[in-house]
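The next block holds one structure in the form of structure tokens; read it before the comments.
Note that the structure is predicted; figures quoted are calculated from it, not measured. Note that the numbering runs from 1 along the sequence shown for the chain.
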Amino acid sequence: TDLTHIRNFSIVAHIDHGKSTLADRLIQSTNTVADRDMKEQLLDSMDIERERGITIKANTVRIDYTADNGEKYVLNLIDTPGHVDFAYEVSRSMRAVEGSLLVVDSTQGVEAQTLANVYQAIDADHDIVPVLNKIDLPASDCDRVAEQIEDVIGIDATGAIQVSAKTGVGIHETLEAIVNELPAPKGERDAPLKAMLVDSWYDAYLGVIVLVRIMDGVLKKGDRVKMMSNGTVHHVDRIGVFKPERADIAELGPGEIGFLTASIKQVRDTRVGDTITHEKKGAIEALPGFNPSQPVVFCGLFPVDSAEFEDLRDAIDKLALNDASFSYEMETSAALGFGFRCGFLGLLHLEVIRDRIEREYDIELITTAPSVVYHVYMRDGSQIELHNPADMPDLSIVDHLEEPRIKATILVPDEFLGDVLKLCQDRRGIQLDLTYAGSRAMAVYDLPLNEVVFDFYDRLKSVTKGYASFDYQLTGYREDNLVKMSVLVNEEPVDALSMMVHRDRAEARGRAMVEKLKDLIPRHMFKIPIQAAIGGKVIARETLSAMRKDVTAKCYGGDATRKKKLLEKQKAGKKKMRQFGKVDIPQEAFISALKMD
Ligand code: GDP
Ligand code: MG
């Protein structure tokens, strides 16, 4: 296709503002998909994405559109991952297109992810068309929201398109705006090939499918191409586009978005942001900004039933095949037996993988406390990256520790602001900015990531009745007074419960932890001390008193069948217990004990 008749765009929005529904309408109204094949949320393919309303992989669709001016255009929509965990993937997808539709729910207004995503679009030099969605609803207030877009984001919203993605109002205007207001891509057909690797995923039949945006040159079936990050060479055996089903074509030229396959076995061999060129007469310089994403949150995953370890290994191997940013290695824990230490891009990524293992592979898991990556500086001048609190070296040989910090943006109705500020303060936050837009406040905080990985988001939702929106980005590492807190049950350390904490907060955390465990661990026939300690020093202690009598005998003495049922239940329950020395700890205790507050 001739460059001037291509438009590449993405849709940026806060979750639930109607991105997927709008994409559906654009696809449907252009007859890209026959009505009988149309289903809702066409681009959100994975079940878990659909259920949670999030997109994890970039998805793309090529739409043929004949505009009011009579010309035929190719519109390429890239649906970007909608969550902070995948910020790097979002930034790559954004670099693959020239413009964005900024969708804002006209009954709600600008939210934290609206901001985060639109800033990504602005960073990528996009032209932006504001779209006010859900105008069919009585609460819709386009004037107010347009004004808010101008105030908060600083882009002109006078020409904002008023849309109902539900009823179809404004869809034609949106298509015309894409053609008339967004720029055509640039690129040179005769220059050496430069294709940006936007995303990749594993397909059981074709191997790895690589989504590319051609910047310069032409990619053809049969070409030998090279990944510029590592020099590996592949033979291209298929080229195509998504409509949104795969459709093979002969070549992709500058400005176009499509896929290639090249008998690549693992997603790991394809890195988002990499530049693909020809093996011979290739480009000399790669596209700028290649910076593969690194796991930032680590935790242990252990099977509840230790007999399922091999099944877990199998599940993890399979999931990793399709997810280059998920890392794992075997781990043994004195408390939990064999499992894996896994690295994730963020908490949502962790949850998604954990859910998939439990659901798709039917393995019940114990998840240990999520930990961020600390930089540990040793007295002898060396440095290590600490992924697991259990590996923390003895304090006597440690000089100091650094922890990752984030810049968090929170948007919240005024009435909840006090609670939000208190929450941030409690989590060692430093206020960077506080501004107002209408009846909403925007608080910007510098926070330690480790204070956010536990349950910050849950707490935020609960203190604001769900009205706050939250977004963050990593900003770097900073030194602080951090120590490892261990938990001992009946004098035995429970490695799965050890965690890194700030020294000033260690006692409060320790106390909360032992109090919680006291409630969570069932009584035994003997007294059980529960302690939190830093190094050899106990900082909090509770004692679980011994069970007095045989409760079963007393309550159910007469009824044999009930007693049998009870014992069966106990036996099933036993499987979910873990033994620590002589003490049984129920699996729920781990999960609950690790939730703060
Ligand atoms: P996304 O998270 O941005 O992809 O949002 P979705 O497209 O999944 O939409 C979120 C919810 O809003 C869904 O229940 C949609 O049916 C609904 N929705 C989307 N657009 C409209 C609209 O124009 N009007 C109304 N009334 N509901 C809409
Ligand atoms: Mg969606």
Side-chain angles (χ1 to χ4, degrees), residues 7 9-33 35 38-44 50 53-55 61 63 65 67-68 75 77 79-80 82 99-119 121-122 126-182 411-413 437-440 442 466-469:
R7 298 291 182 273
F9 70 104
S10 66
I11 305 178
V12 296
H14 186 74
I15 186 140
D16 281 346
H17 282 201
K19 182 168 83 159
S20 301
T21 311
L22 178 64
D24 285 352
R25 286 299 88 71
L26 295 175
I27 291 167
Q28 199 177 23
S29 72
T30 50
N31 300 316
T32 303
V33 172
D35 275 343
M38 192 65 204
K39 53 183 185 221
E40 269 185 45
Q41 312 256 319
L42 204 69
L43 292 182
D44 296 354
R50 249 174 229 240
I54 51 167
T55 306
V61 60
I63 297 170
Y65 176 62
D68 288 354
L75 315 181
L77 163 60
D79 188 18
T80 59
S100 281
L101 302 181
L102 167 64
V103 175
V104 182
D105 182 337
S106 63
T107 70
Q108 301 288 326
V110 172
E111 296 285 355
Q113 286 163 29
T114 315
L115 286 176
N117 291 328
V118 81
Y119 288 146
I122 292 169
H126 284 189
D127 285 17
I128 295 168
V129 173
V131 172
L132 306 175
N133 190 30
K134 306 199 189 183
I135 60 162
D136 57 294
L137 293 175
S140 164
D141 187 348
C142 289
D143 291 343
R144 180 183 71 84
V145 174
E147 201 177 308
Q148 199 194 16
I149 290 175
E150 296 192 347
D151 284 354
V152 180
I153 304 173
I155 59 173
D156 183 8
T158 41
I161 308 168
Q162 303 192 0
V163 167
S164 168
K166 187 176 174 189
T167 66
V169 172
I171 296 301
H172 178 73
E173 289 78 359
T174 305
L175 288 162
E176 286 297 306
I178 292 167
V179 166
N180 296 319
E181 290 175 38
L182 297 184
L411 267 86
V412 64
S439 61
R440 296 174 75 76
M442 180 167 94
Y467 282 110
S469 57

Check whether any side-chain heavy atom of [X] sits under 4.5 Å from a side-chain heavy atom of [Y], and report yes or no.
| X | Y | value |
| --- | --- | --- |
| Gln108 | Tyr467 | no |
| Leu132 | Ile149 | yes |
| Glu150 | Asp156 | yes |
| Met442 | Leu115 | yes |
| Val12 | Ile128 | no |
| Thr167 | Ile135 | no |
| Lys19 | Val103 | no |

Restricting to non-hydrogen atoms, name the atom on [X] and the atom on [Y] that form the minimum distance, rounded to 0.1 Å.
| X | Y | result |
| --- | --- | --- |
| Ser100 | His126 | OG-ND1, 2.8 Å |
| Val110 | Leu411 | O-CD2, 3.6 Å |
| Ala112 | His14 | N-ND1, 4.1 Å |
| Val163 | Gly170 | CG2-O, 3.7 Å |
| Lys166 | Asp136 | CD-OD2, 4.0 Å |
| Arg144 | Thr107 | NH2-O, 4.1 Å |

Can you tell me how far the [atom1] atom of [X] sits from the [atom2] atom of [Y], to the nearest 0.5 Å?
| X | Y | atom1 | atom2 | value |
| --- | --- | --- | --- | --- |
| Ser29 | His172 | OG | NE2 | 9.5 Å |
| Asn133 | Ser164 | CG | OG | 6.5 Å |
| Leu175 | Ile178 | CG | CD1 | 5.0 Å |
| Leu102 | Ile122 | CG | CD1 | 8.5 Å |
| Arg25 | Thr174 | CZ | OG1 | 12.0 Å |
| Leu26 | Thr21 | CG | OG1 | 11.0 Å |

Is the closest basic N to carboxylate O distance between Arg440 and Glu111 below 4.0 Å?
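Between Glu111 and Arg440 there is a salt bridge, with a charged N closer than 4.0 Å to a carboxylate O.
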
Scan residues 101-110 for pairs that pass salt bridge (Lys or Arg N to Asp or Glu O under 4.0 Å), counting only residues two or more places apart or in two chains.
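For residues 101-110, and leaving out neighbouring residues, the salt bridge (Lys or Arg N to Asp or Glu O under 4.0 Å) pairs sorted by first residue read Asp105-Lys134.
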
Taking Glu176 for its side chain and Asp68 for its backbone only, find out whether a donor-acceptor pair lies under 3.5 Å.
yes

Please list, chain by chain and in numerical order, all residues satisfying side-chain contact (heavy atoms from CB on, under 4.5 Å) with Glu173, sequence neighbours excluded.
Ile161

Give the intermediate values and the outcome of side chain to side chain contact (heavy atoms under 4.5 Å, CB included) for residues Asp127 and Glu181.
CA-CA 8 Å; Asp127 285 17; Glu181 290 175 38; over 6 Å; no

Within 6.0 angstrom of Tyr119 OH, more than 12 heavy atoms from elsewhere:
yes

